[in-house]
Amino acid sequence: MNDRYDPSIIESKWQQQWEADRLYQRDDASTAQKWYFLTMLPYPSGDLHTGHWYAMSPSDAGARYKRMNGYNVWLPIGFDAFGLPAENAAIKHGVHPHKWTLANIERMRGQLRKMGTMFDWEHEAISCLPGYYQWTEWFFRKFYDMGLAYREEAPVDFCPTCNTTLAREQVWGEDRHCERCGTPVEIRNLAQWKFRITAYADELLDRLDEIDWPERVKTMQRNWIGRSEGVEFEMTILGQEDLSFRVFTTRPDTTFGMSFAVLAPEHALVEQIATDEQEEAVRAYVDAAKRKSELDRQAEAGEKTGIFTGAYAINPVNGQPVPIWIADYVLMGYGTGAIMGVPAHDERDFAFARQYGIPTPIVIVPDEVYRAGEAAAWNEQAGWALPAAYALKEGGVMVNSGPFDGAPWPHSFDATATWLTAHAAGERKTNYRIRDWLISRQRMWGSPIPIIYCPTCGTVPVPYADLPVLLPEDAAFRPTGESPLKYHEAFRYVKCPTCGGDAERETDTMDTFLCSSWYQYAYVSPYWKAGEPLSPDDMPWDPALGQIWLPVDQYTGGIEHATMHLLYTRFFTKAMRDAGLVDFDEPMLRLFNQGMILGEDGEKMSKSRGNVVNPDEYVGKYGADVVRAFLMFIGPWEMGGPWNPRAIEGVQRFLQRVWALIVEASEPQGGIPTAGQIADLRRATHQTILKVTEDYENFKFNTMIAALMGFSNTLIEAKKTAVVGTAAWDEAISALLRMMAPAMPHISEELWARIGQPYSIHTQAWPAGDPALAREEVVEIAVQINGKVRDRLEIAADADQATIEAAALASERVQQWIGGKSVRKVIVVPGRMVNIVTG
RNA sequence: GGGGCGGUGGCGAAAUGGCAGACGCAGCAGACUUAAAAUCUGUCGGGGGAAGCCCCGUGUGGGUUCGAAUCCCACCCGCCCUACCA
């Protein structure tokens, strides 16, 4: 029998065995503590790539580790199966997206099985099947009833390549490009469906403090939500007291410093207030602003342009008139679309004032300056004062502000806010950067939006009992990328569910991020109530099972979803809670973001760079265990890093050595092992268990593998001695295999069987590390003189400080280095080192 | 412009206030072999020395400390996010 390590034989053998035994099937009856481990579901592009392996195999190891520690672990899998590539394939090859998608899924299932994960295939969910998307539609309908879904005509981002609108979160980068295809987006005015995610802005922000997520993601979400507290108040127009506009500011304490006001070009008041002399120029500016693309506006960020309207507004705090300008640096979409210009205390206003020679009175000075009575020196003639002024908030004091002079931050905010509330129709207001989630997509391959437009009844939601609105199976795809639904008469022209008259169906479909916003719930009981009529009182999953498994305990996935999927699914959960579907607030309690696996050249893998690593090739050559362990060994999981085709051989050698260690007979050793040999072996075993356990807990897979390599090297040495066959030896081998099991499930199962242990290693208990056995008896201590190592001492590990100090000073070498100098100080760190400081 | 992460041998990296470079890759030398592959053994940050050893070394410059890759300040470089949000 050829007894070399041959993964091609053992891996498929055990994969079949596990599946036949339903080893990883979810256990709903267990009394053990449940652990819902979720890794972001893949898009069925057709091939599992290295990135999937990098995300999934450590996740699987983490889940398996938890299982061996007594948890009732569930690791489900499914496919995010709606989306553009399927539609593009349909246009190109004439194959229906449904067929293309399911063929890809079939192929990827095979690849995923070869990874040797503990995925529970019996609860697989595919988002493009009617049994799944009936619930995606049901959620839309539910949110519509709750007032969380609404339709609005507004300027929106449109990707000309994908031929659809996008959510604000899906427009990336400086050039505002489409997150999927990279094309810069255009702005279009369209009637689109939106979800009122802004209704949860506060909660989405505040509950970030409650979840164990990476700070990085939390920061990104905080910035994205962008809450700012301020005051909105009214300004009237000089000579036209019936006209007014409102401005929003976070710095009411600077109102006395207002030297102009600005309206956004789209502001409704613009036409009314422009004076006759200025009217033409204002109209030209507004027209130019309209024509300017988002890109142009970006390109000239910093450079300010604007036009004077000829009108003046009254600053409510001092009754002074200030010129009203139009400028495109003020955005209609944020706040009120109008601002007060305080150039001395706002960088943007300053740039604008500079451009047009507007005065910049200083109204806030540093506390020290005020107390020293030097506030007068801080005026706009002093060039140094202005740059120092605009960042002033904390530690600033109001000056040149009438009755408020001397008010410090934050009292200055409160006092002026109160005054503006009483005297300028003001109110405290919180503004957010986050916008409502635009969910309409002008594409066919997504969940239909269950809405019917009736000339008589208006917008009518599809009745719950009529869900789901099914996608047609005979859609004709157009090379232009236009949605076939628009041209599908049977789909589009329907009777109104209310009046029975002729009506039209909404032909836009929903953003596929809706599908993934609730997939962790869909896994609980996939395709729940498929084929049955639905009602508003339904649950989208079996509530008894949901009680057991929800919410997700550990989530893993890439950082790229920080302000998309991870925000949307949090919103969904809060809306679901308010609909009475769940009784918790957050969908995923812990999150870990793995890094990105790069090509050999250290660059992102891409076909155009030609640096794509095909995992199948390496799995064929080395086996899944080697590929898994190698990906974990590369470096810290959160860091990612380049693929190195040579380094993988080191991991292969490691597994081959472990194989030989256990399978090959040892040279018979005469004699009996010494107590010291046994103690050394057990110490190595328990030290490794403690280290490896800690590393699995913290997802530090790279040092976990390194520790196992070190331990196996120790055992290979020990195999040459008489310890082989002792209880300590058996303990070591058993522990080694169980520690390898989560990361390298096949080889450990095979070797476990070969040493005669009961199937399966994956249902065994995790080895317990004993700190007493792991403790060193004798340690080497470095002796430093003035911080430089001059000697090393072997000393009992439990020696006290005095003993260590005496031993160090007794050393001849140490005395030589001290020379005649006096010892000023001796620092002893037990078990580590001594530092002798001489004078 | 703002925010975040990072910079350690030829390479991937350990070490997060206590002996820098664990573990692995590559390299070098050797064993086995007719030879090669595979495997095994040794070596492997730089400089000096016959050697015991000594000096230098974690992007750069300062600082705190008995002691700094680790903490603080300033700067340089790389990557990611964000961008006129009042």
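Numbers restart at 1 for each chain; the letters A, B, ... are given by sequence-line order, proteins then strands. Reckoned from all heavy atoms, side chains included, excluding hydrogens, waters and symmetry mates.
- Among the heavy atoms of the strands, none lies under 4.0 Å from A:Pro642.
- Between the CG atom of A:Asp791 and the C1' atom of B:rG52 there is a distance of 13 Å, rounded to whole Å.
- Residue contacts for A:Lys788: at a heavy-atom cut-off of 4.0 Å it reaches the sugar-phosphate backbone alone, with no base atom in range.
- Ion pair A:Asp349/A:Arg354 not flagged as a salt bridge, since none of the NZ, NE, NH1 or NH2 atoms sits closer than 4.0 Å to an Asp/Glu carboxylate oxygen.
- With P as the reference atom, B:rU82 and B:rG27 are 42 Å apart, rounded to whole Å.
- Nucleotides B:rA69 and B:rG48 are separated by 25 Å at their P atoms, to the nearest Å.
- The side chain of A:Val330 lies closest to B:rA86, out of B:rC25, B:rA86, B:rU82.
- Comparing B:rG18, B:rA86, B:rG24 by their nearest atom to the side chain of A:Met709 picks out B:rG24.
- Taking for each of A:Thr249 and A:Glu169 the nucleotide of RNA chain B with the nearest heavy atom, the 5'-most of the two is the partner of A:Glu169.
- Between A:Lys720 and A:Arg216, the one whose closest nucleotide on RNA chain B sits nearer the 5' end is A:Arg216.
- Of the nucleotides present, B:rU43 is the one that pairs with B:rG27 by Watson-Crick or G-U wobble criteria, both distances under 3.5 Å.
- With A:Arg251 as the fixed residue, the side-chain hydrogen bond (donor to acceptor under 3.5 Å, both in side chains) test singles out one of A:Asp253, A:Thr255, A:Thr249: A:Asp253.
- In this entry the base of B:rG24 is anti relative to its sugar, with a glycosidic angle more than 90° from 0.
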Is there a salt bridge (Lys or Arg N to Asp or Glu O under 4.0 Å) between A:Asp157 and A:Arg435? Walk through the geometry before answering. CA-CA 12 Å; A:Asp157 297 306; A:Arg435 300 298 149 82; over 6 Å; no
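- Of the N and O atoms on the side chains of A:Tyr334 and A:Ser228, at least one donor lies less than 3.5 Å from an acceptor on the other residue.
- Looking at heavy-atom distances under 4.0 Å, A:Ala706 makes contact with a base.
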